[in-house]
Number of protein chains: 2
Amino acid sequence: MENMMESLPNMRLTTQRQIILEELGKVTCHPTANEVYDMVRKRLPRIGLGTVYRNLELLADSGVILKLEVGGTQKRFDATVDPHYHIRCSACGKVDDIDIPLQEHINQAATAASSYKVLGHHIEFSGFCHSCLAKKPD
Amino acid sequence: MENMMESLPNMRLTTQRQIILEELGKVTCHPTANEVYDMVRKRLPRIGLGTVYRNLELLADSGVILKLEVGGTQKRFDATVDPHYHIRCSACGKVDDIDIPLQEHINQAATAASSYKVLGHHIEFSGFCHSCLAKKPD
DNA sequence: TTATGTGCAAAACATTTGCAGGAGT
DNA sequence: ACTCCTGCAAATGTTTTGCACATAA
């Protein structure tokens, strides 16, 4: 944890920052800013929602965490920064990791198929999660 | 156009609906609701933004158009409904189609790699568009 | 004629920001 | 000390919604 922060010269190690990072690291799914706020508030009841947003943004900009621009109305955050794909439950909106090989080759295909300078890609699967399937089987 | 609407028993063919569909069909990129509003307003100056949102939502629910849940803060809309991928300019946010083969096989991989019932996937490439590259070459 | 759609304005969300006081280095 | 950071609240931006009137079928 402290190693993470030590690599960030312009960022102070505040209690708020530390606890946000700890709580995000505890979960395997990818919470929204508001969900992080709820998690953190159990330990720091006086923290402001603005502080949570500011820190998540700052940590994402520094590459310590990942900001996921997935479907749904809210951004989500991921403590794991190495490239991987995601799946989103069409019923409840939950987002989890999908551990399949990176499809690096499609970047070349995309470069050939467009006038853009292609930098990368993200794959988002959709489906129904275990607990939503249990509620309404089909 | 009317064919499209005829297949939708519960939807009336209103002027607003028709013009929204026409304007969306004219562009190859994928405008936000507000951009559609601006396009449509040139022909129907008294149309309300709420009407645009309601119709885009309704048309997407009926499968006549596609609602894109891509990166950025706004949803975008696509007159082409058959499956294809997109690229988003990291500088200006513009979204275009990317015409590469569908990667159907990764759905199986995702099914094997998770406890979800996998339904499909979407790939979003990121990069810089032609006009942003021209402005700031690197 | 009557259910559906529209314009308008207000409400509901998600996120960002200004500021005065607080805390890390 | 000197920044940077925080809590709070207000502002912003996007999307949804309630309602009285209009209109397609």
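Within every chain, numbering begins at 1; the chains are lettered A, B, ... in the order of the sequence lines, protein sequences first and strands thereafter. Just so it is clear, the model here is predicted, and its values are computed rather than measured.
For the pairing with B:Tyr116, the side-chain contact (heavy atoms from CB on, under 4.5 Å) check across A:Ser90, A:Cys129, A:Cys132, A:Ser126 returns one residue only, A:Cys129.
Residues satisfying the salt bridge (Lys or Arg N to Asp or Glu O under 4.0 Å) test with A:Glu23, not counting sequence neighbours, are A:Lys26, A:Arg43.
Residues A:Tyr85 and B:Leu68 do not share a hydrophobic cluster, clusters being chains of Ile/Leu/Val/Met/Phe/Trp/Tyr side chains in contact below 4.5 Å.
In this structure, the side chain of A:Gln103 engages the main chain of A:Pro101 through a donor-acceptor pair within 3.5 Å. Under a 3.5 Å cut-off, the side chain of A:Glu124 and the backbone N or O of A:Gly71 do form a donor-acceptor pair. Judged purely by atom type and a 3.5 angstrom limit, A:Tyr37 has no side-chain atom pairing as donor or acceptor with the backbone of A:Gly50. Judged by distance alone, the side chain of A:Thr51 and the main-chain N or O of A:Ile47 form no donor-acceptor pair under 3.5 Å. In this structure a side-chain-to-backbone donor-acceptor pair under 3.5 Å is present from A:Asp78 to A:Thr80.
An OP1 or OP2 oxygen of C:dA23 is reached within less than 4.0 angstrom by no side-chain nitrogen or oxygen of A:Gln16.
Distance CG (B:Leu58) to C1' (D:dT17): 15 Å, rounded to an integer number of Å. Whole-Å rounding puts the A:Asn55 CG to D:dC5 C1' distance at 8 Å. Note: CD (A:Gln18) to P (D:dC5) measures 14 Å, nearest angstrom. Spacing between atom CG of B:Asp61 and atom C1' of C:dT4 amounts to 16 Å, rounded to whole angstrom units. The nearest whole Å value for the distance from the CD1 atom in A:Ile47 to the C1' atom in D:dC5 is 11 Å. Atom CZ in A:Arg46 sits roughly 9 Å away from atom C1' in D:dC8 (whole-Å rounding). Look at CD on B:Glu35: it is 15 Å from P on D:dG13, rounded to the nearest Å.
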Fill in: Contact pattern, 5' to 3', of nucleotides 20-25 of chain D - B, S or - by protein heavy atom under 4.0 Å
---BBS
Item to complete: Sugar-phosphate atoms are those with a prime plus P, OP1 and OP2; base atoms are the rest. Using that split, label each nucleotide of nucleotides 13-21 of chain C B, S or - for protein heavy atoms under 4.0 Å, 5' to 3'.
Response: -SBBBB---
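Between B:His30 and B:His86, the angle of the ring planes goes over 60°, which puts this pair in the perpendicular group of the 30/60° scheme.
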